[in-house]
Each structure stands twice: as C-alpha cells, then as structure tokens.
2 protein chains.
Amino acid sequence: MGRGRVQLKRIENKINRQVTFSKRRSGLLKKANEISVLCDAEVGLIVFSTKGKLFEYATDSCMERVLERYERYSYAERQLVPTDPTSPGSWTLEHAKLKARLEVLQRNQKHYMGEDLDSLSMKELHNVEHQLDSALKHIRSRKNQLMHESISVLQKKVKEREKELAQQNQWDQQNHEINSSSFVLQQQLDSPHLGEAYQSAGVDNGEVEGANSQQQPTSTGMPQWMLRHLNG
Amino acid sequence: MGRGRVQLKRIENKINRQVTFSKRRSGLLKKANEISVLCDAEVGLIVFSTKGKLFEYATDSCMERVLERYERYSYAERQLVPTDPTSPGSWTLEHAKLKARLEVLQRNQKHYMGEDLDSLSMKELHNVEHQLDSALKHIRSRKNQLMHESISVLQKKVKEREKELAQQNQWDQQNHEINSSSFVLQQQLDSPHLGEAYQSAGVDNGEVEGANSQQQPTSTGMPQWMLRHLNG
DNA sequence: ACCTCTATATATAAATA
DNA sequence: TTATTTATATATAGAGG
C-alpha cells in the first residue's frame, strides 16, 4: 500500500523498517479495535518491536481477561504441562493440588460463561440458570445503587452551586440580573423521569463499548456525561 | 473501506456482522503476519468471535512464546507476586503464577455469582452483566435443544406404542374393544400449541446475538412431567 | 459459510518538512 | 523522531452466486 509494492520479507533498511513498523503498528491496533467494536469480538493483540518494546491492544483494555480465556480454550488440548515426576517432595503435591483446583474452577467458570454446556444434564442446566439469574439480579441492584449514589452526589453539588449563585445574585441584584440556567438544571435533576431512565438503562442491554474507543456514542442509553461520572 | 462508510459501533444486523467479521478477521491476521515479517516484530493476535470461536496468529506459530514474553514483560511492571528469593528456580515462578491465576479466577467467579460486587466499577459491572446475560442465553438455548430432542424421542416412542396397540386392536377386534387412552396421549403430542410453548420457554433456537436482556422469569414454563422426564 | 465482483474507503510507501 | 502530503496499493461493504 503506497507508492511502491512491498515484498513480504524483512525490510533491510533500518530506518524504513522503523518507520514502516510505526505506521503499520498503529494501523494494526486500529483495526484490532475496529473488529472488536464492529463485530462484537474479543481481541487481544501483542506486538514486540525488534528492540523489544511492547505494544498491545485488548478489548475492554483487559488483556488479562483475553489471555485467561485463551488459556482456558486451549487448556484441554495442551495437557497442561505433564508433571515432572523427577522433582519430588511436597512441592509437587502442592502444585498438583493447585492445578486440580484450578481446573475445577475453570470448568465451572466455563459453565457460568455459557460455554461447554453439552456435558451438563438438564438439572444442572437448571441450577446454573438459577444461579446466573440470581447473580444478574444482584449486579443490577448494585448498578442501581451506584447510580443513585451518583445522582445524590450530583444533586448535592448542584445545590451548592445553587447557593453560590443565589449569593452572587444577591450581590448583583442591583443590576437586575437573572440567572435562569441554574434553575433549569435543578429541574432536570429533580425530575423523577431521570431516575427511571437509569433504571431501564441498567436492565436493558448491558452493552458497554470498549474502553479504547472513546469516539463512539454509547449504546447504553445513558448520556456520555453520566457514564463518565460513573465509570470512575 | 468499501462502498459505504461504517460507523465505529457494533453492527446490529447479525448477518452483516458475521460477514464483516470474517473479512476483517482475515485482513487482520494478514496484517499481523505482514508487520511481523516486514518489521521483524514478534506478534501475538487472539480473536474470539461473538460465538466464542477462537482465531489466532503468532509469529513463528508459537503463541506460547509470545505470551510468556508478554507475562515476563508485564510482570516486571506489575510487581505481581513478589518472587520468593529463598527458593529460586522456575518452579517457584510457575507456582506463583498458578496461585495468581487461581486467585484471579476465584475473584472472577465470585463476581459471576453476584458476590463481592462492591469492588467493581460501573463499567466492570456492565461487563459482568453483559457476560452473564449472554451466558444465560446460551444456557436457555441449550435447554431448549435438550427439550426438543426429548420430545422427538417421546414422539417416536408413542408412535411405536401406537403401532403395537393397533395390532392388538386388530387381534381384539372381534371383541369390539377400543383403547381410548392412547388416542388422547397422541393428540396431546401432536398439538401444535405444545411445540410453541417450548419455543417461547427458552431463547428461540440457537440465536444468542441479541444483546438486549429481558430479565425474563427464570421459570421455563415447562410442565412438571416434562421436567421429570428431562432431569435424568 | 465462502467466493466473486466492483466501487469506494483506507492504509501506507516515499518524499518532504 | 514525528507530521504532512501525495500517489498507489489494499481492504472491504454491498450485492449476487
């Protein structure tokens, strides 16, 4: 892409290689983000430059999560490190126990993530479903709580501001100035509809855009300023 | 790129999303390979589709090496698990890694069970909610599938029984005996309304894409006799 | 799901600042 | 190094098999 074709082989000129690396790296990260957002895919991208510098992209900025999932995915195939029988002692035992627990946890987690369901009976499916349903309720409740707390904080701030402005108005009274904007804001925050909006936003689609893509509009139904306030 | 511009947001049409995913995925893998070769970089790329299928690229086809390097790199910064200096060697490191992963998994699992939510930010809550919602859809879909299979089996059995009874009726014809109970049962299973009930009970067939979460009641709408049959 | 065929949108090599 | 410009090479959206 560009003025000249490029052979698919190492660029020998060091300067060109560095420049190309810089350009293509940003292009690659961009595309990784795009496919993640556009296609609802989970992506992890790791790039080490020749000199060993690290660049990375991960859906939701959480490489940990991607790698965990990757390891879980290829766990079954890889036979997880055939334990070395030569190294003796309780260390090996400890280690084996740990691995066993890890495996159990991972299997469970798979189920909680809706994967690997074929091995479950109908009854087990029922159990998991109930568990997840209950968890979802807790989570939505917690979200609601957070949102209400945020609203309280905001309201307090607005009232303080209201007070300040009132004082200022007093001072400016002789000039017959009227500050109407603060009144509008207060009304918005007092409106019961606002609270309802948050409630439905929480229940509705749990979609959250990738942390890396700040440009796009949110699909949560929440206004940007609210998300920004809440995300902290 | 292409005939129309594309907003950087999730493609809602699921067909288009899938097609775009396929195209962009190959493009992304290609570019990952190109930068790796051209610029002598070490690259690891992991992509999970919405449905959980894994695609990957790694320099020299060795994701293991890339991930190890990555962990080493970010270990230094993150000070994860201060290595015990008394017992040296890779064993300790391996062990520490295992423990760290176990801890992470346990923490995650708690979250997936709706516990220990206070430590989560709003964004993280959103993510967990989305994940659980998606998992629930998979589980309900799987349940549905099981139910349909069971129904097929039952129908087959009933038809066999029907045949047997028909023969018996032939033999008993001279006595003018009529077996009415089998007729009733056959009617129940043939009723189209029954099938519809199962369809609406779970997620409709394999579709898991729709992100919107209906906090539908956990109850499946299945009659007890069906459950009893399926639970085995 | 995957391929083909365009018209366009993007990415980027090379030159330049 | 990093940014801007420009000419081309690629990638890919949309439509149809």
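Chain A is the first sequence line, chain B the second, and so forth, proteins listed ahead of strands; every chain is numbered from 1.
- When all heavy atoms are compared, the tightest approach of B:Arg69 to A:Gly52 is NH2-CA, 3.3 Å.
- Contact annotation for A:Ser22: no contact, since no heavy-atom pair falls under 4.0 Å across all strands.
- Listed nucleotides D:dT10, C:dA13, D:dA13 differ in distance to A:Arg5; the shortest reach to its side chain belongs to D:dT10.
- Between the CD1 atom of B:Ile15 and the P atom of D:dG16 there is a distance of 15 Å, rounded to whole Å.
- Across all strands shown, D:dT1 forms no Watson-Crick or G-U wobble pair with both distances under 3.5 Å.
- Summarising the geometry, the separation between CD on A:Gln18 and C1' on C:dT12 is reported as 15 Å, rounded to the nearest angstrom.
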Taking N or O atoms only and anything under 3.5 Å, show me the protein contacts with nucleotides 3-7 of chain C, one pair per line.
{"residue": "C:dT6", "atom": "O2", "partner": "B:Arg3", "partner atom": "NE", "Å": "3.1"}
{"residue": "C:dT6", "atom": "O2", "partner": "B:Arg3", "partner atom": "NH2", "Å": "2.7"}
{"residue": "C:dA7", "atom": "O4'", "partner": "B:Arg3", "partner atom": "NE", "Å": "3.3"}
{"residue": "C:dA7", "atom": "O4'", "partner": "B:Arg3", "partner atom": "NH2", "Å": "3.3"}

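- Within residues 24-38 of chain B, the residues approaching DNA chain D are B:Arg24, B:Gly27, B:Lys30, B:Lys31, by heavy-atom distance under 4.0 Å.
- Here D:dT12 presents its C1' atom at 15 Å from CZ of B:Phe21, a figure rounded to the nearest Å.
- Residue A:Ile11 contributes atom CD1, which lies 9 Å from atom C1' of C:dA13 at whole-angstrom precision.
- Rounded to whole angstrom, the span from the CZ atom of B:Arg17 across to the C1' atom of D:dA13 amounts to 16 Å.
- The minimum heavy-atom distance linking B:Ser49 with B:Phe55 is given by the pair CB-CE1, 4.2 Å.
- We find that CD of B:Gln7 is positioned 14 Å from P of C:dA9, with the value rounded to whole Å.
- When all heavy atoms of B:Arg17 and A:Leu38 are compared, the closest pair comes out as CD-O, 3.6 Å.
- The side chain of B:Val6 lies closest to D:dA13 when the candidates are C:dC2, D:dA13, C:dA14.
- Across all their heavy atoms, B:Ile139 and A:His111 have their closest contact at CD1-O, 3.9 Å.
- Nearest heavy atom pair, residue A:Ala135 against residue B:Leu132, reads CB-CD1, 3.8 Å.
- Between B:Tyr73 and A:Phe48, the ring center distance clears the sub-6.0 Å criterion.
- The side-chain heavy atoms of B:His126 and B:His130, taken from C-beta on, include no pair separated by under 4.5 Å.
- Residue B:Ile15 comes nearest to B:Asn13 through the heavy atom pair N-OD1, 2.8 Å, listed as atom of the first residue, atom of the second, then distance.
- In A:Arg10, the CZ atom is crowded: over 12 heavy atoms of neighbouring residues, nucleotides or ligands sit closer than 6.0 Å.
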